[in-house]
A.B. asks: 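Sharing a structure with you now.
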Amino acid sequence: MKKTIALFLLIAIIGLSACAGDADKNQQETMSSTTAVADTEISDMPMQGATKDESDIGGGEIVQEKYRQCYYGITYQLAVLVDDDELKEWKEETYKKDPNETNEMVVKLFVQHFDISKEDFERASLETAKVFYEPDSPLPSMNPKDYINQEMYEIYNADIIYTFDDEIINEYYLSGEYPFVYESDYEEAVASGEYTPRTEKWVDIEEMEAEIIAKYGEAEIVTEATLPDSETAGTDSTQSEIPEETTSELINE
């Protein structure tokens, strides 16, 4: 009988461990859709400085750093703007240094190294916001102030980053004190009237897109007709467009 009970307890412990692992894996996969990789290998690149705490059953908790989470990495939408091999070489060199010691924001270094235009940067940030903007997901924001996990949904502030002034950037992205850790606790406090949100800049996708169009115009839809002759030579005349999966990733230059 004792052996049966012991075996049952062992199976239960293994099952709980697997569930905790699956919860953490799901959280990691959600974040990986927006964090820094141009290829499919994400294990060798920091996830914007985030670390998971399995004490949060059903999800994950980021560990608060010196700066907010987005200080430590780049989004997928930015990574795909550059060559895969060049990105790998750059990140291998960049991540030899600790951003907390150098006090240089990783995405600032990325923009400088690859000469990313502010237009392309803002369009990429818009695509990131669209990924965040899903049912039951927290609204993306800039400079979150309400709960720690809110940092996972922060959108870069292009105006701050493109000053290239480390003092200004570091002051803006310095991590602060949050009243809450989890969104659920924050929402309950707001609903009960016990707390007023402190975050000042919530990201509205339509407003963000309208501002980009006002500054840069509509994004160009790339088809075979708009490509240079050298790139269309030898293509099948019955195919009028580049495959949809290609055009959906192109950013207007």
Side-chain angles (χ1 to χ4, degrees), residues 16-37 41-79 91-92 94-110 125 128-129 131-132 134 136-157 160-161 166 169-190 195 197-199 201-203:
L16 289 172
S17 298
C19 289
D22 287 342
D24 189 64
K25 180 180 179 183
N26 291 338
Q27 183 75 4
Q28 185 81 1
E29 289 175 349
T30 299
M31 293 179 64
S32 69
S33 66
T34 60
T35 49
V37 290
E41 298 179 2
I42 62 174
S43 59
D44 60 344
M45 194 159 192
M47 303 294 287
Q48 292 189 341
T51 309
K52 298 295 173 292
D53 181 348
E54 291 186 358
S55 64
D56 179 21
I57 299 174
E61 173 190 335
I62 65 172
V63 174
Q64 196 169 357
E65 297 272 5
K66 179 178 181 179
Y67 298 103
R68 294 197 299 278
Q69 184 188 352
C70 65
Y71 190 92
Y72 301 95
I74 63 172
T75 61
Y76 172 82
Q77 288 74 20
L78 283 172
K91 69 183 182 183
E92 285 173 2
T94 300
Y95 285 105
K96 289 178 181 178
K97 303 174 183 177
D98 182 356
N100 286 336
E101 295 181 0
T102 63
N103 294 298
E104 286 192 275
M105 190 177 188
V106 171
V107 77
K108 184 212 74 169
L109 296 173
F110 173 83
S125 293
T128 300
V131 171
F132 287 156
E134 296 178 349
D136 302 322
S137 292
L139 286 175
S141 63
M142 292 183 182
N143 200 355
K145 297 180 182 295
D146 296 310
Y147 58 98
I148 293 177
N149 281 9
Q150 191 181 12
E151 289 185 7
M152 289 189 284
Y153 300 90
E154 180 172 7
I155 302 300
Y156 296 122
N157 187 322
I160 293 292
I161 293 168
D166 290 328
I169 293 171
N170 293 344
E171 181 180 358
Y172 178 83
Y173 283 100
L174 190 66
S175 190
E177 294 185 3
Y178 295 94
F180 307 97
V181 175
Y182 306 110
E183 181 191 17
S184 57
D185 295 334
Y186 156 75
E187 289 183 335
E188 288 176 7
V190 172
Y195 178 74
R198 299 177 183 178
T199 301
K201 180 61 176 178
W202 299 92
V203 176

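The model shown is predicted, which means the values in this text are computed figures rather than measured ones.
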A.B. asks: Output yes when Glu104 and Lys108 qualify as a salt bridge under the 4.0 Å nitrogen-oxygen rule, no when they do not.
C.D. replies: yes

A.B. asks: Just by distance, with hydrogens left out, do Tyr178 and Glu151 show a side-chain donor and acceptor under 3.5 Å apart?
C.D. replies: yes

A.B. asks: Below 4.5 Å, heavy atoms only, C-beta onward: do Gln69 and Ser175 meet side chain to side chain?
C.D. replies: no

A.B. asks: Mind checking the OH-CH2 spacing from Tyr153 to Trp202? Nearest 0.5 Å is all I need.
C.D. replies: 12.5 Å

A.B. asks: Could you go through Tyr156 and Thr128, starting from their C-alpha distance and side-chain angles, then the distance that decides it, and tell me whether this counts as side chain to side chain contact (heavy atoms under 4.5 Å, CB included)?
C.D. replies: CA-CA 10 Å; Tyr156 296 122; Thr128 300; over 6 Å; no

A.B. asks: Search all heavy atoms of Pro99 against all heavy atoms of Val106 and return the closest pair with its distance.
C.D. replies: CG-CG2, 4.0 Å

A.B. asks: Between Lys201 and Asn157, is any side-chain donor less than 3.5 angstrom from a side-chain acceptor?
C.D. replies: no

A.B. asks: Nearest 0.5 Å please: distance from the OH atom of Tyr182 over to the CD atom of Gln150.
C.D. replies: 15.0 Å

A.B. asks: Answer yes or no: does atom CD of Glu134 have more than 12 heavy-atom neighbours from other residues, nucleotides or ligands under 6.0 Å?
C.D. replies: yes

A.B. asks: Can a donor-acceptor pair be found, under 3.5 Å and without considering hydrogens, that links the side chain of Asp146 to the backbone of Pro197?
C.D. replies: no

A.B. asks: How long is the gap from OH on Tyr71 to CD on Glu154, to the nearest 0.5 Å?
C.D. replies: 13.0 Å

A.B. asks: Could you give the distance from OG1 (Thr75) to CD1 (Ile155), rounded to the nearest 0.5 Å?
C.D. replies: 8.5 Å

A.B. asks: If I take atom CD from residue Glu177 and atom CD from residue Gln64, how far apart are they, to the nearest 0.5 angstrom?
C.D. replies: 8.0 Å

A.B. asks: Measuring only between side-chain heavy atoms, which start at C-beta, is Lys66 closer than 4.5 Å to Tyr72?
C.D. replies: yes

A.B. asks: Between the main-chain N or O of Lys145 and the side-chain N or O of Thr199, is there a donor-acceptor pair closer than 3.5 Å?
C.D. replies: yes

A.B. asks: Run the side chain to side chain contact (heavy atoms under 4.5 Å, CB included) test on Val107 and Ile161 for me, step by step, so that the C-alpha distance in whole Å, both residues' side-chain angles and the decisive distance to 0.1 Å come before the verdict.
C.D. replies: CA-CA 8 Å; Val107 77; Ile161 293 168; 3.7 Å; yes

A.B. asks: How close do Tyr195 and Pro179 get, heavy atom to heavy atom, and via which atoms?
C.D. replies: OH-CG, 3.5 Å

A.B. asks: So, for Tyr147 and Tyr186, is the gap between ring centers shorter than 6.0 Å?
C.D. replies: yes

A.B. asks: Please tell me if the side chains of Ile160 and Tyr173 come closer than 4.5 Å, counting only heavy atoms from C-beta onward.
C.D. replies: yes

A.B. asks: Calculate, to the nearest 0.5 Å, the distance between atoms CD1 and CE belonging to Ile74 and Met105 respectively.
C.D. replies: 11.5 Å

A.B. asks: Do Tyr67 and Asn100 meet the criterion of a side-chain donor-acceptor pair at a distance under 3.5 Å?
C.D. replies: no

A.B. asks: Looking at Arg68 and Met152, would you say the former's side chain and the latter's main chain have a donor-acceptor pair under 3.5 Å?
C.D. replies: no

A.B. asks: How close do Ala129 and Pro140 get, counting heavy atoms only, and between which atoms?
C.D. replies: O-CG, 4.3 Å

